[in-house]
Number of protein chains: 2
Amino acid sequence: MTRPGGTPTPADLVITGCTALVHDDQEEAGFVEDASIVVRGGVIETVTGGGLPRPDAVEHIDGRGQVAMPGLINCHTHAPMVALRGVAEDLPAEEWFNDHIWSIESNLTAKDVELGARLACAEMILGGVTCFADHYFSMDAVAAVVAESGLRAHLGEAFFSSQGPEGRERSLEFALRHRGAADGRITTALAPHAPYTVDDADLAATAELARDHGLPVHLHASESRAQTETSLARHGVTPIEVLERTGLLHHDVLIAHGTGIVERDLPVLRDAPGRIAVATAPRGYLKFAWGPTPVRALREIGVPVGLATDGAASNNSLDVWESMALTSLVQKSAEGDPRWLTSRQALHHATLQSARAVGLGERIGSLAPGRPADIVLVDLSGPHTQPVHDLAATLVHSARSADVRTTVVDGRVLMRDRRLLTIDLPATVAELGQRLPALLDRSHGRRIQAYDT
Amino acid sequence: MTRPGGTPTPADLVITGCTALVHDDQEEAGFVEDASIVVRGGVIETVTGGGLPRPDAVEHIDGRGQVAMPGLINCHTHAPMVALRGVAEDLPAEEWFNDHIWSIESNLTAKDVELGARLACAEMILGGVTCFADHYFSMDAVAAVVAESGLRAHLGEAFFSSQGPEGRERSLEFALRHRGAADGRITTALAPHAPYTVDDADLAATAELARDHGLPVHLHASESRAQTETSLARHGVTPIEVLERTGLLHHDVLIAHGTGIVERDLPVLRDAPGRIAVATAPRGYLKFAWGPTPVRALREIGVPVGLATDGAASNNSLDVWESMALTSLVQKSAEGDPRWLTSRQALHHATLQSARAVGLGERIGSLAPGRPADIVLVDLSGPHTQPVHDLAATLVHSARSADVRTTVVDGRVLMRDRRLLTIDLPATVAELGQRLPALLDRSHGRRIQAYDT
């Protein structure tokens with residue numbers, strides 16, 4: 001690009017001297033040494049190796065000793081639930097929901113959601129997350145925090161059938177009003193909670209709304225094997241079959257968890273007319289003593305599996321880096337096969353598959369010309385990441401979220417050298433802290449919903 | 001303590017304003033708010049709460065916003081193997097040993113071991129580890145690095161029967177020569193490699209040496225279920241029964257891994273005359289697709305289980321913090337019980353049980369008057385550790401090794417505000433890097449040992 005008169009216009013941002021993770025035509029990860037990444041108008045213009053002369057740019061980041069990779073994508077979370085991190089520990093899911101979380105959540109205000117979301121965005125930016133899929137309540141507040149923080153997000157206003165048709169209507173209204181907001185960084189989804197809290201009629205109505213408005217759907221389904229068994233006992237069908245018979249699988253559906261997906265679900269998912277993806281959050285499954293998402297079986301039928309953390313009230317963190325490592329480790333263990341889910345496969349889940357899971361497969365998940373500049377720089381100078389014999393393994397199995405030094409979304413630097421540039425963390429922690437006594441009060445005996453799968 | 005004349009002598013070190021993790025008479029963890037920790041002569045003099053006036057001290061650390069806890073103990077590692085971090089990935093154990101690690105290790109020199117150990121100590125100090133149990137070769141070099149780095153260590157020179165009696169004799173000679181070295185920070189053990197590489201006669205001879213010299217034994221045993229099955233098929237006994245019949249269980253034995261410990265081993269371990277402990281390194285077991293150490297069964301028979309990382313060539317890190325979290329998560333999953341292995345139990349493994357595992361149960365593992373001042377300060381101001389509803393859960397499930405800001409051993413500050421004070425990391429990485437081509441050469445076709453359980 002040139003100015004009138006022929007002088008090249010400076011780029012907005014250039015990152016030099018880094019090693020850049022790129023994908024080839026077969027989606028294999030490779031590494032470009034001594035790479036320069038030029039960003040203009042929020043978009044990656046070039047990724048070139050070999051230490052070319054530094055182009056003129058408004059902002060320059062020296063990436064020596066660091067790896068540039070696509071920002072991590074948290075494919076399923078409830079960001080504001082960081083406010084409840086550690087509030088109910090070491091419990092089975094049913095007790096955790098009924099006696100603690102859904103009781104506390106009946107106190108939730110939009111202000112709590114705003115502060116929780118802001119704290120969560122701080123955590124995610126520090127951990128190299130550039131995009132998150134959120135499924136919660138008072139989502140206007142989350143959208144506002146996304147706009148101010150600079151992150152990218154895929155948002156849905158959750159609903160239960162117990163809320164009556166208003167729940168579903170609110171979810172639609174949110175999805176339509178925020179679609180494309182925050183300079184296009186916000187995409188939206190319809191967000192029924194789950195087949196065990198949203199009845200078939202409501203799910204079928206959601207499928208119609210998805211069709212009429214061209215909206216994807218983000219919901220919990222087949223979260224655990226126990227849910228699948230209960231569904232079979234009560235209704236004669238699995239939760240995935242419920243999605244099919246209510247017409248949802250004709251549309252783009254992001255299924256959270258899917259650890260209860262069984263053999264008979266596989267052809268259903270494989271033959272679905274819509275684009276189906278699953279988000280896996282392995283830490284919480286270990287903690288609840290659930291099994292793992294059947295990643296290998298899903299791969300065989302071509303269903304992308306994105307990485308996620310779920311909410312911090314169960315997962316205790318929004319650390320997608322940990323989800324990447326744990327997905328590799330747990331899958332090896334579950335399949336009894338140390339050769340399966342290699343570091344390169346884990347990186348594929350973290351990048352391209354996660355981008356597809358949140359419906360942004362054509363846009364994010366890869367450092368390639370024309371894509372939005374959602375980039376993180378990872379410092380490998382720490383002793384725990386030295387020496388480097390296999391860079392993919394170093395990234396997946398030795399590096400940690402704390403090694404991310406710089407986080408960039410749409411070409412805007414949100415964290416530089418571990419300093420948050422868009423969020424006032426101490427003020428957020430202090431203000432949230434003042435609200436916690438009211439938030440945690442359970443003396444009212446109410447619940448937002450009963451957990452009874 | 002007072003100077004002649006009645007003026008109190010200044011303490012060597014005082015940490016103020018922190019929250020201190022302490023244990024009560026029943027070994028329950030508790031937290032002292034606004035605590036002051038006074039250290040004199042390398043020993044904790046007092047731990048007092050309530051923000052008393054700061055005592056006069058040579059060195060002062062402001063611990064506000066931080067938790068002081070006993071330094072982590074890595075109960076089984078091969079520190080110098082950090083040089084091979086990532087060199088052989090996504091492989092079954094047999095192939096990993098035979099085609100890669102034991103081939104590369106035939107090139108190993110004392111200089112490689114020294115540099116690897118120094119890099120490893122840097123990683124461990126940064127990760128809040130104050131003591132490690134190492135089982136490797138050229139251990140004089142490791143002992144020298146322990147002395148210079150300021151860490152505490154429990155060291156053993158490994159041997160195979162394939163080395164002839166010289167291996168065992170070298171192990172004894174090392175253990176006697178270094179016992180009590182580095183101002184008492186080094187303790188030693190006899191270190192036969194494993195029942196599948198050390199024959200019964202050699203194990204029996206080791207048991208006699210343990211008796212004659214009052215030395216503990218540190219070895220691999222029952223590493224995987226496959227090893228137990230092979231041992232039963234070939235010898236009619238389990239690896240644990242091999243330890244019993246060779247007399248080793250009459251002495252203090254630290255067993256690395258024990259994922260192959262089976263029902264019939266439990267009474268053997270329970271009734272052993274010696275003090276038996278197991279070190280668990282859960283990350284590597286997931287990676288090799290081994291099962292977990294049977295922590296619950298070991299607890300029921302009173303065998304302490306310490307936390308470990310194994311070597312970084314399999315584990316990819318020396319992150320004991322991660323071992324703590326994974327032990328909790330994997331045990332919940334393996335037992336199908338989310339109520340089991342709570343955060344407080346995980347902290348018990350990380351502190352008192354780990355101290356017992358390395359034979360230092362009367363000295364380290366607790367912040368108590370009269371114990372050596374092996375202390376780490378953990379910063380909880382990051383968004384990923386806020387808010388704090390349950391401090392034990394925050395420590396185990398939200399905090400990370402990178403949150404350790406200060407590491408103290410025997411009252412000496414080895415890291416302050418994440419700055420290493422006793423190790424030159426860039427020089428170590430650079431010097432090790434120069435030696436890697438020679439270390440990695442496998443053209444000779446040699447192996448130090450065959451893996452054939």
Side-chain angles (χ1 to χ4, degrees), chain A residues 82-87 89-93 96 119-120 122-123 126-127 283 285-290 312 316-319 328-330 332-333 335-343 381-384 386-390 392-394 397-398 400-403 425-426 428-429 432-433 436 440, chain B residues 82-87 89-93 96 119-120 122-123 126-127 283 285-290 312 316-319 328-330 332-333 335-343 381-384 386-390 392-394 397-398 400-403 425-426 428-429 432-433 436 440:
Chain A
V82 293
L84 309 184
R85 188 198 312 273
V87 86
E89 291 288 305
D90 305 311
L91 295 171
W96 182 85
L119 181 61
E123 179 179 357
L126 279 159
R283 188 182 219 285
Y285 312 153
L286 294 169
K287 199 148 176 254
F288 278 140
W290 291 354
N316 299 68
S317 87
L318 304 179
D319 188 339
S328 174
L329 295 170
V330 167
K332 287 173 183 293
S333 170
E335 299 288 345
D337 182 0
R339 299 181 202 275
W340 158 245
L341 229 146
T342 64
S343 296
S381 66
H384 61 293
Q386 288 293 327
V388 177
H389 295 295
D390 173 340
T394 302
H397 289 300
S398 300
R400 300 284 186 262
S401 55
D403 298 320
L425 176 60
T428 307
V429 170
L432 178 63
L436 290 176
L440 297 187
Chain B
V82 292
L84 310 183
R85 187 198 312 272
V87 86
E89 290 288 305
D90 305 312
L91 295 171
W96 182 83
L119 181 61
E123 179 178 355
L126 278 159
R283 189 183 219 286
Y285 311 152
L286 293 169
K287 201 148 174 253
F288 278 141
W290 291 354
N316 299 66
S317 86
L318 304 179
D319 188 339
S328 173
L329 294 171
V330 167
K332 287 173 184 291
S333 171
E335 299 288 344
D337 182 0
R339 299 181 202 274
W340 157 245
L341 229 146
T342 64
S343 296
S381 67
H384 61 293
Q386 288 294 328
V388 177
H389 294 296
D390 172 343
T394 301
H397 289 299
S398 300
R400 301 284 184 263
S401 55
D403 297 321
L425 176 61
T428 306
V429 170
L432 179 62
L436 291 176
L440 297 187

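We name chains A, B, ... by the order of the sequence lines, and we start the count at 1 in each one.
Comparing A:Leu84, A:Val330, A:Leu318, A:Thr342 by heavy-atom pairs within less than 4.5 Å of chain B, the highest count is held by A:Thr342. Put simply, of B:Pro92, B:Ser343, B:Ala93, B:Ser317, the one with the most heavy-atom pairs under 4.5 Å next to chain A is B:Pro92. When each of A:Ser381, A:Ser333, A:Ala402 is checked for heavy-atom pairs under 4.5 Å with chain B, A:Ser333 comes out on top. For the set B:Ser328, B:Gly433, B:Ser398, the count of heavy-atom pairs under 4.5 angstrom toward chain A peaks at B:Ser398. When each of A:Leu91, A:Asp90, A:Leu286 is checked for heavy-atom pairs under 4.5 Å with chain B, A:Asp90 comes out on top. Counting heavy-atom pairs under 4.5 Å between each of A:Asp390, A:Asp319, A:Leu329, A:Val82 and chain B puts A:Leu329 at the top.
Proximity to chain B is absent for every atom of A:Thr428, based on heavy atoms less than 4.5 angstrom apart. For A:Glu89, the part lying near chain B is the side chain, with the backbone staying farther off; criterion is any non-hydrogen pair under 4.5 Å. In this structure, chain A has a heavy atom under 4.5 Å from the side chain of B:Val429, while its backbone stays farther away. Using a 4.5 Å cut-off between heavy atoms, B:Leu432 contacts chain A through its side chain alone, with no backbone atom that close.
Smallest separation of non-hydrogen atoms from A:Lys332 and B:Lys287: CD-O, 3.5 Å. Of all the heavy atoms in B:Ala289 and A:Pro338, the pair that sits closest is CB-CD, 4.0 Å.
The CG atom of A:Leu126 lies 8.5 Å from the NE2 atom of B:His384; values are rounded to the nearest 0.5 Å.
Distance alone, capped at 3.5 Å, is enough to place a donor-acceptor pair between the A:His389 side chain and the B:Ala83 backbone.
Judged purely by distance below 3.5 Å, without hydrogens or angles, the side chains of A:Arg400 and B:Ser401 never pair a donor atom with an acceptor atom.
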Decide yes or no on side chain to side chain contact (heavy atoms under 4.5 Å, CB included) for A:Arg85 and B:Thr394, but give the supporting numbers first.
CA-CA 8 Å; A:Arg85 188 198 312 273; B:Thr394 301; 5.8 Å; no

